[in-house]
2 protein chains.
Amino acid sequence: MAISERKKKILAAVVEEYIRTAEPVGSKAIARRGELSCSPATIRNELAELVSLGYLEQPHTSAGRVPTPMGYRMYVNELMEKQKMSLEETEELNRRLNQKLQQLDDTIRDVSRLASQLTDYPALALTTQIAVTVKRFDLIYVDANNFIIVLMLSNNSVKSKLVHLPVSVDQELVKRLAALFNAGFTGMEDEKITPALIHATERAADDSLGLTAVISAFVLETLGEVKTPTAFLSGENRLLNQPEFRDPDKAHRLMSYLSGGGRILPASEALGGSDEVKVLIGPENVAEELKDSSVVIASFDAGDHTRCLIGVVGPTRMDYSAVAAKLSFLAAGLSRRLGGGEAPPEGMHNKLIIKEIDDGHERR
Amino acid sequence: MAISERKKKILAAVVEEYIRTAEPVGSKAIARRGELSCSPATIRNELAELVSLGYLEQPHTSAGRVPTPMGYRMYVNELMEKQKMSLEETEELNRRLNQKLQQLDDTIRDVSRLASQLTDYPALALTTQIAVTVKRFDLIYVDANNFIIVLMLSNNSVKSKLVHLPVSVDQELVKRLAALFNAGFTGMEDEKITPALIHATERAADDSLGLTAVISAFVLETLGEVKTPTAFLSGENRLLNQPEFRDPDKAHRLMSYLSGGGRILPASEALGGSDEVKVLIGPENVAEELKDSSVVIASFDAGDHTRCLIGVVGPTRMDYSAVAAKLSFLAAGLSRRLGGGEAPPEGMHNKLIIKEIDDGHERR
DNA sequence: TGTTGGCACTCTCTTGTTCCGAGTGCTAAT
DNA sequence: ATTAGCACTCGGAACAAGAGAGTGCCAACA
């Protein structure tokens, strides 16, 4: 199914022109670009063939041509020249990436926002933690009615909560519980934390107040929460920039699909995938609502069993080249910063940031 | 400027009918409602007067009448009968409120989502912490290169973070630091934490590793973060349900204004206000972008120096009555759960409160 | 005096028609 | 194989006519 070199050039021209103008592109327009040295008539012939091959279609008999999903696919796979971001863009992005980097869960929202700003399409960011366990327990005795639970998780994040009790506890019990939990619960995935285990702990601690239950509930909840994929959507409104979404109903449909966030997950087969940028064009999407939109997805490793995904949604007439380049860069940057090494990106790093904040007195 | 009883009835009828249908309402339509026992002709006369009084206007000579902002204002202030939510709605809402209640900062997003779902307009939720201090410090020594900072804040929330160090620390230093911070930093507002204080602490602790700096940076950052008003926007897309936003440009303008979240803050004069529901109609809004939309705002106390605000945005032709009722109820529910008492609403407490609300009835 | 029915008038919205231009497909010439 | 020319097609803009909804006003009525 090889097609001639010239057809490829023409196809690429159609795609690019259509991306630019959002209007069906005619033979003349292509000829005018000057890349091909032949007349509109010749191009017409080629166009006709491209149509019958399925790469293009015409909205009606006397209109220009528009790429089909297959045409876009061909373009993305073979024709598109991978864009690089300009130096300024690169720097700008790096600057912004450096600014906010603490723990992933805080960042994820910024990431989606960033991706959306960058590309001017709505963007979705999500993370999945494949497996988490508690690495360490601490219970801090505050006073007779309050204590703090501190969990350090296997991904080096720390979660904590104040527990308020209507009854008094003594410091001894709290200590005992901490020890027991450290002994019995560390390194366990949440499925392994059974009612039986909890019960055993309760007895061992001689806990008549139900603290064990409270604590283990928090543990389960926390592990569950961390493991639950979280999704953030930003810039939905940018959809309205696109002429194909000038129909409010269409826009609304897609937007409400998107704001139901996680449901892009069908596409998260990509989660396990490589670090490449994936493009899903129109009907290639599994979700019905996306059948005539396209999605560009970058996924990367964010350290300790965490997979992170950034997706950008737009019309099939999307600037694949630019978007892919930007996402790819973004993913690479985040991956470098978050993933890889064992050490969380803290410590020294912080110091630098500290200075910034101290001097600049300007937050935000 | 008193207007006759009948005029009021007619005005109310126009507003309600217009809210329902989104179409200019004519004399016949009002007559057909049957509330007034007079002919369309009479109503026409009254309508004409209401127009010249400024409560109504007509899009063009031979169209029905549409309320002006002044008309809406009159309606909201005097005519509107405060709706009550139906029993089912009340129950449903209570159920959902009970489901998720941990700390406010986690909830705030859910609150905006809830408000939006409830009203079918975009909703914005934001919190401001007037003043926060640290109530208690803990440093947990993990190993030579890691320790955990745990802050308990004056609003009873707990924040924690793992600090990773490229150098070794001994347990003694960590203990010393915890004691020093507890002595020197508790109860301080963030402005009071000066570089001088930090420096003094550093010397007192004999800390050559810069831990003091790291810790105090975290403190400042945390306090700053908590104090920074956070806003959450949900359901922007619901705007597209409204016929007045079928123009994508108009919709887009408003949506991007909204997604810049905090900028509703001009309206947050309301933050200090009472617990009443406020309605800002069209030009009453300060923000240029809202000049032809309306905002319904409920604000309430969420405990310890925290003021929380829920706002709903829609066209001026908004179902004020229903929205106000719902927001008011929502605010009351949250206020009861979060605010008031000294004790944080956690642990056992939740359960008790729940019962109370379930059995007892709503207070308007 | 306030209310009512009637009627001419105004203005928008819809539908149908026409016209224009962009772009095609085909054919014949190079 | 490429090109120029030409008739043809089709959508969209522009325009005209008709329908419908609603008004304003006047004259009659309680």
Side-chain angles (χ1 to χ4, degrees), chain A residues 2-11 13-18 20-68 71 243-244 246-247, chain B residues 2-11 13-18 20-68 71 243-244 246-247:
Chain A
I3 61 174
S4 80
E5 210 48 44
R6 192 171 65 187
K7 279 203 182 57
K8 284 185 182 173
K9 268 194 178 165
I10 292 181
L11 177 54
V14 173
V15 172
E16 277 157 22
E17 205 63 15
Y18 185 59
R20 206 169 57 79
T21 63
E23 310 251 303
V25 0
S27 50
K28 236 182 228 165
I30 296 177
R32 229 181 295 121
R33 294 180 101 214
E35 293 175 9
L36 284 293
S37 44
C38 52
S39 79
T42 314
I43 295 177
R44 273 206 292 283
N45 289 332
E46 297 281 49
L47 286 176
E49 283 185 65
L50 282 168
V51 167
S52 68
L53 287 172
Y55 293 110
L56 298 177
E57 63 188 354
Q58 21 188 203
H60 54 266
T61 333
S62 78
R65 306 310 207 282
V66 162
T68 61
E244 23 274 283
R246 293 204 70 76
D247 172 14
Chain B
I3 62 176
S4 81
E5 209 48 45
R6 192 171 64 186
K7 280 204 182 54
K8 284 185 183 175
K9 268 196 180 165
I10 292 182
L11 177 53
V14 173
V15 172
E16 276 157 25
E17 205 63 15
Y18 185 60
R20 207 170 56 79
T21 63
E23 309 250 302
V25 0
S27 52
K28 235 183 230 167
I30 296 177
R32 227 180 297 121
R33 294 181 101 213
E35 294 173 9
L36 286 294
S37 44
C38 53
S39 78
T42 315
I43 294 177
R44 273 208 290 285
N45 289 332
E46 297 281 48
L47 287 176
E49 284 185 62
L50 283 168
V51 167
S52 68
L53 287 173
Y55 294 109
L56 298 177
E57 62 187 355
Q58 20 187 201
H60 55 266
T61 332
S62 79
R65 307 307 209 279
V66 162
T68 61
E244 24 274 283
R246 295 203 67 78
D247 172 14

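Below, chain A is the first sequence line, B the second, and so on; all start at residue 1. We use all heavy atoms of the structure for the numbers below, so side chains are in, but hydrogens, waters and symmetry mates are not.
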Problem set entry | Contact under 4.0 Å: A/T61 side-chain N or O vs D/dC10 OP1/OP2 | yes
Exercise. How long is the line joining CD of B/E46 and P of C/dT4, in whole Å?
Worked result: 11 Å
Problem set entry | Side chain to side chain, B/L47 and B/V14, heavy atoms closer than 4.5 Å | yes
Problem set entry | Whole angstrom value for the distance that separates C1' of D/dG11 from CD of A/E23 | 12 Å
For this session: Grab the NE2-C1' distance between B/H60 and D/dG24 for me, whole Å please.
Result: 15 Å
Side-chain donor-acceptor pairs of residues 59-67 of chain A under 3.5 Å, sequence neighbours excluded:
none

Problem set entry | Rounded distance (Å) that lies between atom C1' of D/dG22 and atom CG of B/L56 | 14 Å
For this session: Mind listing the residues from residues 25-45 of chain B sitting with a heavy atom below 4.0 Å of DNA chain C? Number order is fine.
Result: B/C38, B/S39, B/A41, B/T42, B/R44, B/N45
Problem set entry | Donor-acceptor under 3.5 Å (A/T68 side chain, A/G54 main chain) | yes
Exercise. Would you say a side-chain N or O of A/Q58 is under 4.0 Å from OP1 or OP2 of C/dG25?
Worked result: yes
For this session: Starting at atom CD of A/E17, determine the distance to atom C1' of C/dG23, rounded to an integer number of angstrom.
Result: 15 Å
Exercise. Between atom CG in A/L47 and atom P in C/dC26, what is the gap in whole Å?
Worked result: 14 Å
For this session: Might you confirm whether atom NZ of A/K9 has over 12 heavy atoms from other residues, nucleotides or ligands at distances under 6.0 Å?
Result: no
Exercise. Are OP1 or OP2 of D/dT23 and a side-chain N or O of B/R65 less than 4.0 angstrom apart?
Worked result: yes
Seminar exercise, completed: When B/R6 and A/A63 are each assigned the nearest nucleotide of DNA chain C, the 5'-most assignment goes to B/R6
Exercise. Between B/E16 and B/R33, is a side chain to side chain contact (heavy atoms under 4.5 Å, CB included) present by the stated rule, with each step listed?
Worked result: CA-CA 11 Å; B/E16 276 157 25; B/R33 294 181 101 213; 3.4 Å; yes
Exercise. Rounded to the nearest Å, what distance is computed from the CD atom of residue A/E49 to the P atom of nucleotide C/dC26?
Worked result: 12 Å
Exercise. Checking A/S27 side chain against A/I43 main chain: does a donor-acceptor pair fall under 3.5 Å?
Worked result: no
For this session: Answer whether the closest heavy-atom distance between the side chains of A/T42 and A/R6 falls below 4.5 Å.
Result: yes
For this session: Please report, rounded to the nearest Å, how far the P atom of C/dT24 is from the CG atom of A/L50.
Result: 12 Å
